[in-house]
There are 2 protein chains.
Amino acid sequence: MPKQVDHEQRRQQIAEALLEVTGSQGLEGVSLRHVAAQAGVTSGMVQHYFPSKDAMVAFAMRAASARYSARMTAVLEGLGPAPDPRALVTGLLTALLPLDEQQRQDARVALAFQSYAAHRPAAADALRADNAQLCSFLAGLLAPQGADGPVTARHEHAATALLGLAEGLGIQVVSTGLPAERAVAALHASIDLTLRSLRP
Amino acid sequence: MPKQVDHEQRRQQIAEALLEVTGSQGLEGVSLRHVAAQAGVTSGMVQHYFPSKDAMVAFAMRAASARYSARMTAVLEGLGPAPDPRALVTGLLTALLPLDEQQRQDARVALAFQSYAAHRPAAADALRADNAQLCSFLAGLLAPQGADGPVTARHEHAATALLGLAEGLGIQVVSTGLPAERAVAALHASIDLTLRSLRP
DNA sequence: CTCGTTACGTTGCAGTCGTAACGCGAAGGA
DNA sequence: TCCTTCGCGTTACGACTGCAACGTAACGAG
């Protein structure tokens, strides 16, 4: 066997470069050469690890989704072993808002991918899976006895609403310059309202 | 004076073609020739009416915003002279959701523009103005005595939240395939909750 | 009629795009 | 030592891009 490298790591490195380019210039700025330059490699190497541009973008979407998942689990673990469900919900949803520069970057990337997925059913499927998973998890948190209570349609609807709210507010922050503190205030107020209505 | 044409109407025609292209293929599919072909004119003519591609896109953004405004006022007028404030709020926000194919198209266009504005401060300013206007109008509707009551920070926050919610749900419908009826149910439930908390 | 302005079409150019093909060095098995 | 395979770079190609330049038809003023 000749020289062996870690393909997955190479792809990860290229994907990260793609996410940086996407965050600063949108998907329109994503070209093989541009991404390669950002990653500090040649465009031939990019081509060696991805059979086509579409494959590269698809891989980067999965990488971005993994990054979000990591952020979520970090929030979960940061709250300790037996956290207050209310703090869990608040922490999870607040983590979706672009409050610092890194999250603003991620939010711009996510926004670009949403727009991308709006005309590519294949890409939409990937996003749908992530979203459905997060939504059902959140619905569980909203149930009265923490994560073990009965999950009804009302909880599902509330989870859908809260997720949609966090997403919409985040997008307004990065695209229309809505002040982040207004987004946080609106989100927390809605969480209060929702919890009060579900756990009288 | 030689032959005179209505410049504004020509630009409008071209902008509509741009919106159609954007709705079906995203902003990446927008090129001078492509838009011209969609509009049934030559690319030279497009160039004659817009000094650059950026100017064309900016004009189309204003056209899309005007289309949304028209939809809003149509909803307002469709509710008659002295409408129930609750019906007003519900009607306005529901009109933001992509419930038919035309609105899905518009939502994809809006999504593409949001992503576009996320890296162009100039474009973001235009979106911000529209959003702020709609938000303050909605805040007025949420006040207890219809449009004439005192508008407090709580109403502003509630309006921000409801607008963000409608936007986020709409995006999830077109980009992750969230069923439209779930979006409507979540939105209406949140409106109920909000109104109940603001008008006890 | 002539002339100048406007509307619009055509062509060309410099650049970028994605992708395919080819080339070469390195590394290990035979 | 040769040969194969992998890693990676280089080059080339056809398509497409935004844009500038030029050409021309139409029409009104003088």
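Computed from a predicted model, the values in this text were never measured in an experiment. Throughout, a chain's letter reflects where its sequence line sits, starting with A, and its residues are numbered from 1.
- Applying the 4.0 Å criterion to OP1 and OP2 of dT16(C), one finds that S31(A) has every side-chain N and O outside that range.
- Across the protein-nucleic acid pair, E28(B) atom CD and dC16(D) atom C1' stand 15 Å apart, rounded to whole Å.
- The residue among H48(A) and R33(A) whose nearest nucleotide of DNA chain D lies closer to the 5′ end is H48(A).
- Counting to the nearest Å, the P atom of dT19(C) and the CE atom of M56(A) are 9 Å from each other.
- Using a 4.0 Å heavy-atom cutoff across all strands shown, V35(B) reaches no nucleic acid atom at all.
- Salt bridge absent: R62(B) and E8(B) never bring a charged side-chain N and a carboxylate O closer than 4.0 Å.
- Rounded to an integer number of Å, the gap from CD of Q25(A) to C1' of dT16(C) is 14 Å.
- If you take NZ of K53(A) and P of dT19(C), they are 8 Å apart, rounded to a whole angstrom.
- Residue R10(B) places none of its side-chain N or O atoms closer than 4.0 Å to OP1 or OP2 of dA7(C).
- Atom-to-atom, OH of Y49(A) to C1' of dG9(D) comes out at 12 Å; the value is rounded to the nearest Å.
- Counting all heavy atoms, side chain and backbone alike, A63(A) lies closest to A15(A) at CB-CB, 4.2 Å.
- Regarding R11(B), its CZ atom lies at a distance of 13 Å from the C1' atom of dA7(C), rounded to whole Å.
- L96(A) pairs with exactly one of L93(A), L99(A), L92(A) by the side-chain contact (heavy atoms from CB on, under 4.5 Å) rule, that one being L93(A).
- Checking dC19(D), dT19(C), dT10(D) against the side-chain heavy atoms of L32(A) singles out dT19(C) as nearest.
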Report task. Report the C-alpha separation of H119(A) and S175(B) in whole Å, then their side-chain angles, then the decisive distance to 0.1 Å, and conclude whether the side-chain contact (heavy atoms from CB on, under 4.5 Å) test is met. Result -> CA-CA 8 Å; H119(A) 341 267; S175(B) 79; over 6 Å; no
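- Residue-level contact check: S52(A) touches the backbone only, with heavy atoms under 4.0 Å from sugar-phosphate atoms and none from bases.
- In this structure, Q47(B) atom CD and dT6(C) atom P are separated by 18 Å, rounded to whole Å.
- Checked for salt-bridge contact, E20(B) and R108(B) miss the test: no charged N lies under 4.0 Å from a carboxylate O.
- Within the nucleic acid shown, H7(A) comes within 4.0 Å of sugar-phosphate atoms alone, with no base atom in reach, counting heavy atoms only.
- Between M45(B) atom CE and dT24(D) atom C1' the separation is 16 Å, expressed in whole Å.
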